[in-house]
Asker: 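Before I ask anything, here is the structure I am working with.
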Amino acid sequence: VVLAASIITKTGKPLLSRQFVDMTRIRIEGLLAAFPKLVGSGKQHTYVETENVRYVYQPMESLYLLLVTNKQSNILEDLDTLRMLSKLVPEYCQVTLSSYDQVALDEELIQKYAFDLLFAFDEVLSFGHKENVTLQQIKTYTEMDSHEEKLHKMIIQSKINDTKDVMRKKAGEIDKSKVDKMREGAAKSLTGGMSSISSGGSMSGFTQEWDGEERPQEHDGGESGGDRSFHSAMPSREEEQGPKVSMAPKKGMVLGKSQRTNQFLEAIKAEGEFVDTSTPRAGSSAPAAAVAAAAVPTDPVIINIEEKVVCTLKKDGGVESLEVQGTMSLEVLEEDSAFLRVQIASGKNQGFQFKTHPNIDKALHSRENILGLKDPNRPFPTGSPLGVLKWRMQTSNEDMVPLSINCWPSVSGGETYVSIEYESTSSFELANVCIAVPVPGLRDPPTVNQIDGDYRYNPRQAVLEWDIELIDDSNRNGSMEFVVPAGDPDQFFPIEVSFSSKSTFCDVKIITVSNLEGQAVNYSSSTAMNVTNYSVV
């Protein structure tokens, strides 16, 4: 009888376990924790026995697929059950063994599809006994495909689409009515302006006629003074058009930024956010096109080496944890260059764990430091990057930390003086360094007395950001001091740090890239180290 089916790590950490008999949690955890100690290195057995139970297991990369049975169980039937479960795990974790973009089975993948695996295990085993089912039947049972459910979802989606159409029509009608009202208001204001202008001109003319002195009749032009008064009272076409343009209200479209938009941007600037108000010029597209053209890769093979760093430093000194995860990815742009091998060179790299892609020849890599496919007649995939080599390192050695941060808050009177200093190792040149110190509860920006570099205060996030463009041999040490109102020293933590570097922890280099005949293949490579999470707590 199968007591439990489990997936654990090589260290005995349970990721998933399904019990088929009554068993307490403490007992199953004890059985799973004892298993790694019983497995001997170098043995080819697939089972191990104790006084009470038998473990039937199968390694799956960095994990173990494990059946815990009693000693009276039929081991042949248990092995058949184990084979069935080993097919289910990659199937339900969406891992295709024949695919180049295979994702390695790890803790994250198992936890993501844990419930799907549990349901599949229940279809294989019932009360500890194997069911007579095939892989296709298990997939059919677990999918629980229902025609009625599909029909119901189609009806619901149809109603949602109809509602969206009605909403669009209503919104269009509302926008149209707004436009019509604006046009009517503009027309009324224009008519009112014209009438006031014409009436104003007539009144001035009549005033000039009645208030003017009587003049003697002049017979030289055949016109009397009254006639000239009448003509002066009638405004000319130019006089009408002049006031009309100046007095008409602006109701049409105005190009440029409105006053409300400017006020909004100024408010955002006051909160510490950067706002780019510059207008791109007509000729600015040419340099952008030149940069884009220069960025297009010309070599048929691209190799990228990237490391991600997760580090937690203690505010009292020391390192809580430092984890480095690296990947070497290969991208082939031309099919003619897809049959290739990569010669690499690696240093001592103490503490690093390396893992190659399942389709890479591990024996060739360990023997000659060459990355090539197991089947030389198959090409590398083209058009997408492929992770051919991964590595990982965990340590608490303070000498390995690329950037150490020390923060010393001290209260004096009604103020808190905060001194921060950094120290960088000579192994790395760090670029775009940003040290973000939380300064909550401030109305005004803190007073910075001394700083090596630049700073900016972000009031929205209540953070003082210390920026250093580059840390190299000329500035391995630096400090900053600022003053804020007196407060709790713990409020200045956690300090978040970000930076990048062109050097990596792992000493891995590309020597050559060649085809199967040994001829060199042109390639381009890049190396980068980036920070995922770097904090002082």
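All of these numbers come straight from a predicted model, not from anything done at the bench.
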Asker: Above 12 or not: heavy atoms from other molecules or residues under 6.0 Å from NZ of K130?
Answerer: yes
Asker: What do you reckon, is CG of D22 surrounded by more than 12 foreign heavy atoms closer than 6.0 Å?
Answerer: no
Asker: Answer yes when K348 and D507 have at least one side-chain N-carboxylate O distance shorter than 4.0 Å, and no when they do not.
Answerer: no
Asker: Considering all heavy atoms of both residues, which atom of E131 and which atom of S126 are nearest to each other, and what is their separation?
Answerer: OE2-CB, 2.9 Å
Asker: State the CD-OH distance between E108 and Y113, to the nearest 0.5 angstrom.
Answerer: 10.0 Å
Asker: Considering all heavy atoms of both residues, which atom of T134 and which atom of Q137 are nearest to each other, and what is their separation?
Answerer: N-OE1, 3.1 Å
Asker: If you count heavy atoms of other groups shown closer than 6.0 angstrom to CD of Q353, is the number above 12?
Answerer: no
Asker: Please indicate whether K71 has more than 12 foreign heavy atoms, meaning atoms of other residues, nucleotides or ligands, lying under 6.0 Å from its NZ.
Answerer: yes
Asker: State, to 0.1 Å, how close Y457 and V463 come at their nearest heavy-atom pair, and which atoms those are.
Answerer: CD1-O, 3.6 Å
Asker: Which side-chain hydrogen bond (donor to acceptor under 3.5 Å, both in side chains) pairs, counting each pair once, include a residue from residues 1-14, with sequence neighbours left out?
Answerer: S6-S17, T9-T11, K13-E107
Asker: Mind listing the closest non-hydrogen atom pair of V411 and G487 along with its distance?
Answerer: CG2-O, 4.0 Å
Asker: Taking the basic N atoms (NZ, or NE/NH1/NH2) and the acidic carboxylate oxygens, is any pair closer than 4.0 Å for K314 and E320?
Answerer: no
Asker: Among L85, L65, L32, exactly one meets side chain to side chain contact (heavy atoms under 4.5 Å, CB included) together with I7. Which residue is that?
Answerer: L65
Asker: Can you tell me if CZ on F428 sees more than 12 non-hydrogen neighbours from other groups inside 6.0 Å?
Answerer: yes
Asker: Would L364 and R341 count as a side chain to side chain contact (heavy atoms under 4.5 Å, CB included) here? Give the steps.
Answerer: CA-CA 10 Å; L364 183 64; R341 288 182 174 181; 3.9 Å; yes
Asker: Report the distance from atom CZ of F380 to atom CG of L386, rounding to the nearest 0.5 Å.
Answerer: 6.5 Å
Asker: Nearest 0.5 Å please: distance from the CD atom of E469 over to the CG atom of N432.
Answerer: 7.5 Å
Asker: Considering the options I471, T425, I468, which one meets the side chain to side chain contact (heavy atoms under 4.5 Å, CB included) requirement together with L430?
Answerer: I471
Asker: Does the side chain of V483 reach to within under 4.5 Å of the side chain of T416, using non-hydrogen atoms?
Answerer: no
Asker: Considering non-hydrogen atoms only, spot the tightest contact between A338 and T382 and give its length.
Answerer: CB-CG2, 4.3 Å
Asker: Heavy-atom count around I26 CD1 within 6.0 Å, excluding the residue itself: above 12?
Answerer: no
Asker: If you count the non-hydrogen atoms of other residues, nucleotides and ligands that lie under 6.0 Å from CZ in R25, is the total more than 12?
Answerer: no
Asker: Would you check if the distance from the ring center of Y55 to the ring center of F35 is below 6.0 Å?
Answerer: yes
Asker: With ring-ring contact (aromatic ring centres under 6.0 Å, His included) as the criterion, how do F499 and Y534 come out once you've worked through the C-alpha distance, each side chain's angles and the decisive distance to 0.1 Å?
Answerer: CA-CA 9 Å; F499 57 83; Y534 204 103; 5.3 Å; yes
Asker: Give a yes or no on whether K374 atom NZ has more than 12 heavy-atom contacts from other residues, nucleotides or ligands under 6.0 Å away.
Answerer: yes
Asker: Please report the closest heavy-atom contact between P446 and L442, naming both atoms and the distance.
Answerer: CD-CD1, 3.9 Å
Asker: Might you work through the side chain to side chain contact (heavy atoms under 4.5 Å, CB included) test for F505 and N349, ending with a clear yes or no?
Answerer: CA-CA 8 Å; F505 283 87; N349 296 324; over 6 Å; no
Asker: OG/S526 to CD/E306 distance, rounded to the nearest 0.5 angstrom?
Answerer: 8.5 Å
Asker: Do the side chains of K502 and E429 get close enough for a salt bridge, i.e. N-O under 4.0 angstrom?
Answerer: no
Asker: Hydrogens and angles aside, do S424 and R476 bring a side-chain donor and acceptor to less than 3.5 Å of each other?
Answerer: yes
Asker: Using the test salt bridge (charged side-chain N to carboxylate O under 4.0 Å, His left out), find all partners of D467 that sit at least two apart in sequence or belong to another chain.
Answerer: R456
Asker: Side chains of S500 and N530: donor-acceptor distance under 3.5 Å anywhere?
Answerer: no
Asker: Give a yes or no answer on whether the side chain of N458 reaches the backbone of A462 with a donor-acceptor pair at less than 3.5 Å.
Answerer: no
Asker: Quiz question: by atom type and distance under 3.5 Å, do the side chains of N52 and T50 form a donor-acceptor pair?
Answerer: no
Asker: Distance only, no hydrogens: is a donor on one side chain within 3.5 Å (strictly under) of an acceptor on the other, for Y417 and E415?
Answerer: yes
Asker: What do the steps show when you test E465 against V437 for side chain to side chain contact (heavy atoms under 4.5 Å, CB included), and what is the final call?
Answerer: CA-CA 6 Å; E465 298 178 351; V437 185; over 6 Å; no
Asker: Would you call the rings of Y64 and Y57 parallel, tilted or perpendicular, taking 30° and 60° as the class edges?
Answerer: perpendicular
Asker: Report the C-alpha separation of W466 and V497 in whole Å, then their side-chain angles, then the decisive distance to 0.1 Å, and conclude whether the side chain to side chain contact (heavy atoms under 4.5 Å, CB included) test is met.
Answerer: CA-CA 9 Å; W466 179 13; V497 185; over 6 Å; no
Asker: Regarding W391 and E307, do their side chains bring together a donor and an acceptor under 3.5 Å, going by distance alone?
Answerer: yes
Asker: If you measure only the distance, is there a donor-acceptor pair under 3.5 Å linking the side chains of Q72 and N74?
Answerer: no
Asker: If you measure only the distance, is there a donor-acceptor pair under 3.5 Å linking the side chains of Q450 and S479?
Answerer: yes
Asker: Can you tell me how far CG of N477 sits from CD of E423, rounded to the nearest 0.5 angstrom?
Answerer: 5.0 Å
Asker: Rounded to the nearest 0.5 Å, how far does CG of L322 lie from CG of N397?
Answerer: 9.0 Å
Asker: Is it the case that S73 and D78 place a side-chain donor and acceptor less than 3.5 Å from each other?
Answerer: yes
